[in-house]
Amino acid sequence: MDNKVSIRDMIEKKRSSTNLTSVTEKIIPKFLLTIAAISILTTLGIVITLLTETINFFKDVPFLDFYSGTILKPLGDEAQFGVLPLLMGTIYSSVIAMFVAIPIGLMAAIFLSEYASDKVRRILKPILEILAGIPTIVYGFFAYTFVTPLLRSFIPGLDPTNILSPGIVMGIMIIPMVASLSEDAMSSVPNSMREGALALGSTKLEVTWKVVIPAAMSGVIASFVLGISRAIGETMIVAIASGSNKNFTFDLTQSMQTMTAYIVEVTGGEAPAGSTIYYSLYAVAMTLFVFTLIMNLIAQYISRKYREEY
């Protein structure tokens with residue numbers, strides 16, 4: 001009798017466990033879908049908000065005037081809204097940053113991947129990636145209080161706030177991204193390709209430049225493009241060190257303002273809600289959003305098109 005009760009209890013426990021597992025298997029996929037949908041819904045919310053407020057802006061300012069105007073004077077009785085000074089500042093700072101980040105980051109990646117021993121790589125790579133953990137506001141004050149005075153000792157005509165100094169510091173900030181992603185791409189190249197090239201009489205340098213880098217080109221270029229998109233979206237460095245002068249100029253020694261710095265200025269000012277200057281914030285933000293979206297799409301396209309499978 002006790003054996004029958006024990007068997008019955010075991011069967012009931014098994015059924016309860018099976019039912020619980022069945023319910024869990026039904027709930028977990030829905031829960032995971034909800035979590036995954038949050039990012040999509042958040043993105044849609046951002047896009048809808050930007051579009052709605054940007055449309056309100058273009059009701060007051062013609063579309064062509066905004067994207068072809070070279071004067072940005074949001075305050076005053078005769079306000080003018082031309083985004084080209086901001087575009088110029090953003091492009092200049094990003095290009096300067098990549099002139100710094102690409103060669104240094106690529107050389108660091110080559111050393112870590114092809115020349116450094118495992119012990120040296122384990123030490124240097126975390127140290128290099130520490131740069132990515134420094135707050136950008138610290139980089140901004142570093143650019144304003146150290147890099148700018150240093151550059152002014154070589155360039156007497158350099159303004160106290162200029163686009164050159166923050167561009168250089170942004171490049172320093174982006175080095176870990178370029179170096180880490182490029183090093184990962186190079187490390188994924190099979191050693192058999194290196195050994196085959198060395199067996200044919202190639203030097204270590206020839207193997208690096210003619211075998212490894214071409215094989216890892218998709219990852220290397222993707223790191224460059226992602227670095228550019230990171231520079232385009234940088235805020236605090238340019239807000240502190242580049243100034244707020246909305247100059248449309250080709251002179252790197254002058255103060256210029258980027259799109260992100262303008263957003264900081266407007267949000268930190270006294271722009272009344274519903275005013276044209278308030279809506280200009282969203283128009284500039286939408287332009288910045290499109291810029292970064294295009295750069296990320298280019299990175300994904302390059303990564304897919306030139307990816308090598310080994």
Engineer: Is there a side-chain contact between Tyr262 and Leu72, using heavy atoms and a 4.5 Å cut-off?
Structural biologist: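 With C-beta onward as the side chain, the pair touches.
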
Engineer: Determine whether a donor-acceptor pair (N or O, by modelled atom type, separation under 3.5 Å) exists between the side chain of Ser94 and the backbone of Ile91.
Structural biologist: no

Engineer: When the aromatic ring centroids of Phe57 and Tyr282 are compared, is their separation below 6.0 Å?
Structural biologist: no

Engineer: If we ignore angles and hydrogens, is there a donor and acceptor under 3.5 Å between the side chains of Asp159 and Thr161?
Structural biologist: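 Side-chain D/A pair, Asp159 to Thr161: absent.
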
Engineer: Quick check: is Leu128 connected to Val138 through a chain of hydrophobic side chains (ILVMFWY, heavy atoms under 4.5 Å apart)?
Structural biologist: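 Cluster IDs for Val138 and Leu128 match.
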
Engineer: Taking atom types as modelled, find out whether Gln80 and Lys73 have a side-chain donor-acceptor pair closer than 3.5 angstrom.
Structural biologist: no

Engineer: Please report the C-alpha distance between Met193 and Val207 in whole Å, then the side-chain angles of each, then the deciding distance to 0.1 Å, and finally whether the side chain to side chain contact (heavy atoms under 4.5 Å, CB included) criterion is met.
Structural biologist: CA-CA 9 Å; Met193 297 179 64; Val207 171; over 6 Å; no

Engineer: Connecting only ILVMFWY residues whose side-chain heavy atoms lie within less than 4.5 Å of each other, what is the rest of Ile127's hydrophobic cluster?
Structural biologist: Ile123

Engineer: Just verifying a value: how many Å separate Arg121 CZ and Glu183 CD, rounded to the nearest 0.5 Å?
Structural biologist: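 If we round to the nearest 0.5 Å, Arg121:CZ and Glu183:CD are 6.0 Å apart.
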
Engineer: Which residues pass the salt bridge (Lys or Arg N to Asp or Glu O under 4.0 Å) test with Glu53, not counting sequence neighbours?
Structural biologist: none

Engineer: What is the distance from atom OG of Ser182 to atom CD1 of Ile221, rounded to the nearest 0.5 Å?
Structural biologist: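 Atom-to-atom, Ser182:OG and Ile221:CD1 are 10.0 Å apart.
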
Engineer: Decide yes or no on side chain to side chain contact (heavy atoms under 4.5 Å, CB included) for Ile213 and Ile110, but give the supporting numbers first.
Structural biologist: CA-CA 9 Å; Ile213 292 181; Ile110 291 173; 3.7 Å; yes

Engineer: Check whether Asp65 reaches the backbone of Phe81 with its side chain - one donor and one acceptor, N or O, closer than 3.5 Å.
Structural biologist: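 Side chain of Asp65 to backbone of Phe81: no pair is present.
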
Engineer: Under a 3.5 Å distance rule, please check whether Thr260 uses its side chain to pair with a backbone N or O of Gly233 as donor and acceptor.
Structural biologist: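 No; zero donor-acceptor contacts below 3.5 Å.
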
Engineer: Looking at Phe58 versus Phe63, is the centre-to-centre ring distance below 6.0 Å?
Structural biologist: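 That pair passes the under 6.0 Å test.
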
Engineer: Is it true that a side-chain atom of Arg194 and a backbone atom of Glu114 form a donor plus acceptor pair closer than 3.5 Å?
Structural biologist: no

Engineer: Above 12 or not: heavy atoms from other molecules or residues under 6.0 Å from OH of Tyr67?
Structural biologist: yes

Engineer: Should Ile163 and Gln254 count as side-chain neighbours, where that means a heavy-atom distance under 4.5 Å?
Structural biologist: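 SC-SC contact between Ile163 and Gln254 ruled out.
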
Engineer: Which heavy atom in Thr287 sits nearest to a heavy atom in Leu87, and how many Å separate them?
Structural biologist: CG2-CD2, 4.1 Å

Engineer: Is any side-chain heavy atom of Leu51 closer than 4.5 Å to one of Met286?
Structural biologist: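 Met286 reaches Leu51 side chain to side chain.
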
Engineer: Rounded to the nearest 0.5 Å, how far apart are CG of Leu297 and CG of Leu293?
Structural biologist: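 Here the rounded value is 4.5 Å.
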
Engineer: Does Arg152 reach the side chain of Pro160, with side-chain heavy atoms less than 4.5 Å apart?
Structural biologist: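 Yes. Closest side-chain heavy atoms under 4.5 Å.
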
Engineer: Considering non-hydrogen atoms only, spot the tightest contact between Met88 and Thr249 and give its length.
Structural biologist: CG-O, 3.5 Å

Engineer: Determine whether a donor-acceptor pair (N or O, by modelled atom type, separation under 3.5 Å) exists between the side chain of Ser113 and the backbone of Ala109.
Structural biologist: no

Engineer: Check for me, please, whether Tyr279 and Leu64 land in the same ILVMFWY cluster - side-chain distances under 4.5 Å, paths through other members count.
Structural biologist: yes

Engineer: Should we count CZ of Phe141 as having more than 12 external heavy atoms under 6.0 Å?
Structural biologist: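 Not buried by this count: 12 neighbours or fewer within 6.0 Å.
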
Engineer: Distance check, rounded to the nearest 0.5 Å: Thr258 atom OG1 versus Met170 atom CE?
Structural biologist: 7.5 Å

Engineer: Determine whether Leu252 and Asn162 make a side-chain contact, defined as any pair of heavy atoms from C-beta on separated by less than 4.5 Å.
Structural biologist: no

Engineer: Do you know which two heavy atoms are closest between Tyr92 and Met256, and how far apart they sit?
Structural biologist: CD2-SD, 4.0 Å

Engineer: Please tabulate, for side-chain N and O atoms in residues 99-108, each donor-acceptor pair with protein atoms closer than 3.5 Å (sequence neighbours left out).
Structural biologist:
none

Engineer: Testing the basics here: between Ala185 and Ala216, what is the closest heavy-atom pair and its distance to 0.1 Å?
Structural biologist: O-CB, 3.5 Å

Engineer: Main chain of Tyr115, side chain of Lys204: is a donor-acceptor contact present, judged purely on distance under 3.5 Å?
Structural biologist: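 Side chain of Lys204 to backbone of Tyr115, a donor-acceptor pair under 3.5 Å: no, none is there.
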
Engineer: Looking at Phe142, I'd like to know if its CZ atom is crowded, meaning that more than 12 non-hydrogen atoms belonging to other residues, nucleotides or ligands lie closer than 6.0 Å.
Structural biologist: yes

Engineer: Determine whether Leu226 and Arg230 make a side-chain contact, defined as any pair of heavy atoms from C-beta on separated by less than 4.5 Å.
Structural biologist: no

Engineer: Measure the CZ-CG distance between Phe31 and Leu33 for me, rounded to the nearest 0.5 Å.
Structural biologist: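 Reported to 0.5 Å precision, the distance equals 11.0 Å.
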
Engineer: Indicate yes or no for a side-chain donor-acceptor contact from Ser165 to the backbone of Val147 under 3.5 Å, with no hydrogens or angles considered.
Structural biologist: no

Engineer: Looking at Lys246 and Pro85, what are the two nearest heavy atoms and their distance?
Structural biologist: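 Minimum heavy-atom contact is O-CB, 3.7 Å.
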
Engineer: Any link between Ile134 and Ile237 through a network of hydrophobic side chains (Ile, Leu, Val, Met, Phe, Trp, Tyr) touching at under 4.5 Å?
Structural biologist: yes

Engineer: Within this structure, what is the CG-CG distance for the pair Leu158 and Leu150, rounded to the nearest 0.5 Å?
Structural biologist: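 With rounding to 0.5 Å, CG (Leu158) is 10.5 Å from CG (Leu150).
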
Engineer: Answer whether the closest heavy-atom distance between the side chains of Val238 and Thr90 falls below 4.5 Å.
Structural biologist: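 SC-SC contact between Val238 and Thr90 ruled out.
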
Engineer: Evaluate the side-chain proximity of Leu288 to Ile263: yes if any heavy-atom separation is below 4.5 Å, no if none is.
Structural biologist: yes

Engineer: Kindly work out whether a path of hydrophobic side-chain contacts (I/L/V/M/F/W/Y, heavy atoms less than 4.5 Å apart) joins Ile71 to Ile277.
Structural biologist: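 In one cluster with Ile71: Ile277, no.
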
Engineer: Cluster question for you: counting only ILVMFWY and a side-chain heavy-atom cut-off of under 4.5 Å, with indirect links fine, are Val266 and Ile55 together?
Structural biologist: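 Different clusters: Val266 never reaches Ile55 through Ile, Leu, Val, Met, Phe, Trp or Tyr contacts under 4.5 Å.
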
Engineer: Please find the pair of heavy atoms, one from Ala231 and one from Ile174, that lie closest to each other, and give the distance.
Structural biologist: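 Of all heavy-atom pairs spanning Ala231 and Ile174, the closest is CB-CD1, 3.5 Å.
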
Engineer: Do side-chain atoms of Glu234 reach the backbone of Met236 as a donor and acceptor pair under 3.5 angstrom?
Structural biologist: yes

